[in-house]
Amino acid sequence: MPMFVDHSPPGQCIFCRLVAGEIPSAKVYEDALTIAFMDIGQVNPGHVLVATKRHAVTLLDITPEEAGAVLQTAQRMARAVQAAFDPPGMTLFQANGPVGGQTVFHFHLHVLPRHEDDGMALAWPRKEPGAAVLQDHAARLRAALPAD
């Protein structure tokens, strides 16, 4: 994970300041709800961040409209990355909370071009709890779903 961690208060975070034009950025795109800009900590050429313009900390804090807009902008950026840099793979990465790997506490998604042996690792210990446990987990999630 990146070494940078932004501890700024809400509304003064580095991404809020970038959206407000208070600090420079290599902006790629923006619309009413999102902004896309180059990650200063590039993993590979074309590494773009897509953020909400409104300050929201995690996925749980954005509106459904913002969620849709972020994914649409991410898809637009992925197409541009593919056309401009032609990476053999791409990873979309979004982290929530410090334990989840979030280092800037303003909702954003990484559009990350990938290359063989680029140093990025995305792995976890595989656990196979069994069908009964999975069915129980699914039932708990169904019960917790908000009404439509």
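- Every residue two or more places apart in sequence or in another chain that forms a salt bridge (charged side-chain N to carboxylate O under 4.0 Å, His left out) with Asp118 is listed here: Arg114.
- Identified under the salt bridge (charged side-chain N to carboxylate O under 4.0 Å, His left out) test for residues 42-51, with sequence neighbours left out: none.
- For Glu22, the salt bridge (charged side-chain N to carboxylate O under 4.0 Å, His left out) criterion is met by Arg17, not counting sequence neighbours.
- The stretch residues 33-58 participates, sequence neighbours left out, in these salt bridge (charged side-chain N to carboxylate O under 4.0 Å, His left out) pairs: Glu30-Lys53, Arg54-Glu66.
- For Arg126, the salt bridge (charged side-chain N to carboxylate O under 4.0 Å, His left out) partners are Glu128, not counting sequence neighbours.
- In this structure Pro129 satisfies the side-chain contact (heavy atoms from CB on, under 4.5 Å) test together with Val133, Leu134, sequence neighbours excluded.
- Through direct or relayed side-chain contacts under 4.5 Å between Ile, Leu, Val, Met, Phe, Trp and Tyr, Met120 connects to Val43, Leu112.
- The side chain to side chain donor-acceptor pair (under 3.5 Å) check on Gln94 picks up Asn96, with sequence neighbours excluded.
- Sorted by first then second residue, the salt bridge (charged side-chain N to carboxylate O under 4.0 Å, His left out) pairs that include residues 93-102, not counting sequence neighbours, number zero.
- Counting only residues at least two apart or in different chains, ring pair (Phe, Tyr, Trp, His ring centres under 6.0 Å) contacts with residues 13-41 comprise Phe15-Phe37, Phe15-His106, Phe15-His108.
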Show me the donor-acceptor pairs within less than 3.5 Å that the side chains of residues 81-89 make with the rest of the protein, sequence neighbours left out.
residue: Gln82; atom: NE2; partner: Asp86; partner atom: OD1; Å: 3.3
residue: Gln82; atom: NE2; partner: Pro87; partner atom: O; Å: 3.1

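- Not counting sequence neighbours, the partners of Leu92 by the side-chain contact (heavy atoms from CB on, under 4.5 Å) test are Leu109, Val111.
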